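Everything on this sheet refers to the single structure shown next.
Note that the structure is predicted; figures quoted are calculated from it, not measured. Because only heavy atoms are used, hydrogens play no part in the values below, and waters and symmetry mates are left out as well, while side chains stay in.
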Amino acid sequence: EVQLQASGGGLVQTGGSLRLSCSASGFTFTDYSIGWFRQAPGKEREGVSCVSGIGDTYNDDSVKGRFTISRDRSKNTVYLQMNDLKPEDTAVYYCALDPTYNVDRRTWSRPDTYNYWGQGTQVTVSS
């Protein structure tokens with residue numbers, strides 16, 4: 001059974017940093033594409049960043065230059081380093097897996113591209 005675990009959320013002030021982790025159990029997911037999404041109250045889930053199985057990365061324009069996605073194959077973990085956080089980054093953050101080796105660059109940010117989801121971790125940025 002595929003299980004993803006997102007962790008690392010918390011409360012930070014504007015301009016602060018957090019690092020989210022997405023780990024997997026039951027299988028090795030480092031060859032698959034992993035996306036980070038977020039959902040704020042009353043808003044749709046949106047794609048934030050993605051790393052493909054071959055290492056290509058994609059970022060939403062709203063986080064470019066501030067968020068960095070990376071993977072550690074030895075730890076079977078994908079990270080989302082978030083710097084210069086803003087109140088508008090406040091949301092529940094989810095990691096998700098696309099069981100293809102190389103996610104389509106046109107659809108990486110669509111939730112329906114991904115088959116498996118973690119439970120989410122809350123990120124709150126205070127002003």
Discussion item. I'd like to know if the side chain of Ser33 and the backbone of Val103 have a donor-acceptor N/O pair within less than 3.5 Å.
Written reply: yes
Discussion item. Side chains of Asn59 and Ser49: any donor to acceptor distance under 3.5 Å?
Written reply: yes
Worksheet item: Are Val125 and Val63 connected in a single hydrophobic cluster, I mean Ile/Leu/Val/Met/Phe/Trp/Tyr linked by side-chain heavy atoms less than 4.5 Å apart?
Response: yes
Fill in: Non-hydrogen side-chain atoms of Trp117 and Arg45 separated by less than 4.5 Å
yes
Item to complete: Mind listing the closest non-hydrogen atom pair of Ala91 and Ala40 along with its distance?
Response: CB-N, 3.8 Å
Fill in: Leu20 side chain near Val123 side chain, heavy-atom distance below 4.5 Å
yes
Practice prompt. If you link ILVMFWY side chains whenever their heavy atoms are less than 4.5 Å apart, which other residues fall into the same cluster as Leu11? By chain and number, please.
Written response: none
Worksheet entry | Any side-chain heavy-atom pair of Ile69 and Val78 under 4.5 Å | yes
Discussion item. I need the Leu80 CG to Cys50 SG distance, nearest 0.5 Å.
Written reply: 11.5 Å
Fill in: Asp72 side chain to Lys75 backbone, donor-acceptor under 3.5 Å
yes
Practice prompt. Keeping the roles fixed (side chain from Thr121, backbone from Ser7), state whether a donor-acceptor pair exists under 3.5 Å.
Written response: no
Discussion item. Are the side chains of Met82 and Tyr93 in contact, using a 4.5 Å heavy-atom criterion?
Written reply: yes
Worksheet entry | Trace of the side-chain contact (heavy atoms from CB on, under 4.5 Å) decision for Leu97 with Asn115 | CA-CA 6 Å; Leu97 181 145; Asn115 294 59; 5.6 Å; no
Worksheet entry | Lys/Arg N to Asp/Glu carboxylate O, Lys86 vs Asp89, below 4.0 Å | no
Worksheet item: Given side chains that start at C-beta, do those of Phe37 and Glu46 come closer than 4.5 Å, heavy atoms only?
Response: no
Practice prompt. Any pair with a residue in residues 16-27 that passes salt bridge (Lys or Arg N to Asp or Glu O under 4.0 Å), sequence neighbours left out, goes on the list, sorted by first then second residue, please.
Written response: none
Discussion item. Does any part of the side chain of Tyr114, heavy atoms only, come nearer than 4.5 Å to the side chain of Trp108, both counted from C-beta?
Written reply: yes
Discussion item. Before you tell me yes or no, could you show the steps for Gln5 and Gln119 under side-chain contact (heavy atoms from CB on, under 4.5 Å), namely the whole-Å CA-CA distance, both residues' side-chain angles and the distance that decides it to 0.1 Å?
Written reply: CA-CA 6 Å; Gln5 178 79 29; Gln119 86 292 354; 3.1 Å; yes
Item to complete: Supply the atom-to-atom distance Tyr116 OH to Asp98 CG, rounded to the nearest 0.5 angstrom.
Response: 11.0 Å
Worksheet item: For the residue pair Phe67 and Trp36, is the inter-centroid distance of their aromatic rings smaller than 6.0 Å?
Response: no
Worksheet item: Going by heavy atoms in the side chains, are Leu18 and Leu85 under 4.5 Å from each other?
Response: yes
Item to complete: Measure the CZ-CD distance between Arg38 and Gln122 for me, rounded to the nearest 0.5 Å.
Response: 12.0 Å
Worksheet item: Does the cation-pi check pass for Arg105 over Tyr58, that is, NZ or CZ under 6.0 Å from the six-membered ring centre and within 45° of its axis?
Response: no
Item to complete: To the nearest 0.5 Å, tell me how far Ser70 OG sits from Gln81 CD.
Response: 8.0 Å
Discussion item. Donor-acceptor pair, distance only, cut-off 3.5 Å: does the side chain of Thr124 make one with the backbone of Thr90?
Written reply: no
Worksheet entry | From CZ (Arg66) to CG (Asp84), nearest 0.5 Å | 6.0 Å
Discussion item. Between Asp56 and Asn102, is there a side-chain heavy-atom distance shorter than 4.5 Å?
Written reply: yes
Item to complete: Starting from the C-alpha separation in whole Å, work towards a yes-or-no answer on side-chain contact (heavy atoms from CB on, under 4.5 Å) for Ile34 and Arg71.
Response: CA-CA 9 Å; Ile34 302 295; Arg71 70 196 316 159; 3.8 Å; yes
Response to the item:
What one should report as the nearest heavy-atom pair of Thr77 and Ser21 is CG2-CB, 4.1 Å
Worksheet item: Given Asn83 and Ser17, is the side-chain hydrogen bond (donor to acceptor under 3.5 Å, both in side chains) satisfied, shown in steps?
Response: CA-CA 4 Å; Asn83 299 327; Ser17 297; 2.9 Å; yes
